[in-house]
Amino acid sequence: MASAIVLINTDAGGEEEVFEKLKSLNEVTEVHIVYGVYDIVAKIEADTLDKLKDFVTNTVRKLPRVRSTLIMIVVEGKSLVKK
């Protein structure tokens, strides 16, 4: 399973619209509206690295009101999630 953290900038006032759309996509396992340089942080998962890159390029980046993205691909086997 390939995963990435995607930082997203939206048009001014577009955070809620993009957030709602991202919530409905199966590949998005987490999504947060945040304060700071970026407007949204999302965790994306896909079966392969190619599918992950394709999803970000052809789905996330093409959402209305998305201005830019920064993708950080997670190194497989080098993650810790605490609850």
Side-chain angles (χ1 to χ4, degrees):
M1 177 76 55
S3 60
I5 305 300
V6 182
L7 307 177
I8 302 167
N9 278 318
T10 67
D11 294 334
E15 302 88 355
E16 289 287 339
E17 182 180 332
V18 174
F19 175 78
E20 290 300 321
K21 182 59 180 168
L22 288 169
K23 283 188 346 183
S24 71
L25 300 173
N26 290 334
E27 293 85 351
V28 178
T29 59
E30 287 184 46
V31 62
H32 309 273
I33 294 178
V34 296
Y35 294 115
V37 175
Y38 292 91
D39 302 306
I40 296 175
V41 176
K43 183 175 181 189
I44 312 289
E45 293 184 350
D47 293 334
T48 67
L49 186 56
D50 285 338
K51 287 181 182 179
L52 178 74
K53 292 188 283 187
D54 181 67
F55 178 78
V56 172
T57 300
N58 295 310
T59 303
V60 175
R61 289 183 176 162
K62 292 184 179 179
L63 290 174
R65 307 204 67 181
V66 168
R67 290 180 54 200
S68 65
T69 62
L70 174 69
I71 183 171
M72 297 178 288
I73 296 172
V74 175
V75 176
E76 195 169 330
K78 297 296 180 182
S79 297
L80 170 68
V81 178
K82 290 186 177 183
K83 296 276 178 171

Working note: Val60 + Phe55, criterion side chain to side chain contact (heavy atoms under 4.5 Å, CB included); need CA distance, chi angles, decisive distance, verdict. CA-CA 7 Å; Val60 175; Phe55 178 78; 3.6 Å; yes
Minimum heavy-atom distance between Phe19 and Ile40, given as atom pair plus value: N-CD1, 3.8 Å
Please enumerate all residues that pass side chain to side chain donor-acceptor pair (under 3.5 Å) together with Thr10, with sequence neighbours excluded. Asp39
Can any side-chain N or O of Arg65 pair as donor or acceptor with the backbone N or O of Ala12 at less than 3.5 Å? yes
Treating Ile, Leu, Val, Met, Phe, Trp and Tyr as nodes and any side-chain heavy-atom pair under 4.5 angstrom as an edge, say whether [X] and [Y] lie in one connected cluster.
X: Val34; Y: Ile5; value: yes
X: Met72; Y: Val6; value: no
X: Leu63; Y: Leu52; value: yes
X: Ile44; Y: Val74; value: no
X: Leu49; Y: Val56; value: yes

Within residues 68-83 or reaching into it, pairs that qualify as side-chain hydrogen bond (donor to acceptor under 3.5 Å, both in side chains) - sequence neighbours excluded: Asn9-Ser68, Arg61-Thr69
Distance check, rounded to the nearest 0.5 Å: Ile71 atom CD1 versus Lys53 atom NZ? 8.5 Å
Review item, side-chain donor-acceptor pairs of residues 22-33, under 3.5 Å, at least two apart:
from, atom 1, to, atom 2, distance (Å)
Lys23, NZ, Glu20, OE1, 3.3
Lys23, NZ, Glu20, OE2, 3.4
Ser24, OG, Lys21, O, 2.7
Thr29, OG1, Lys43, O, 3.4
Glu30, OE1, His32, NE2, 3.1

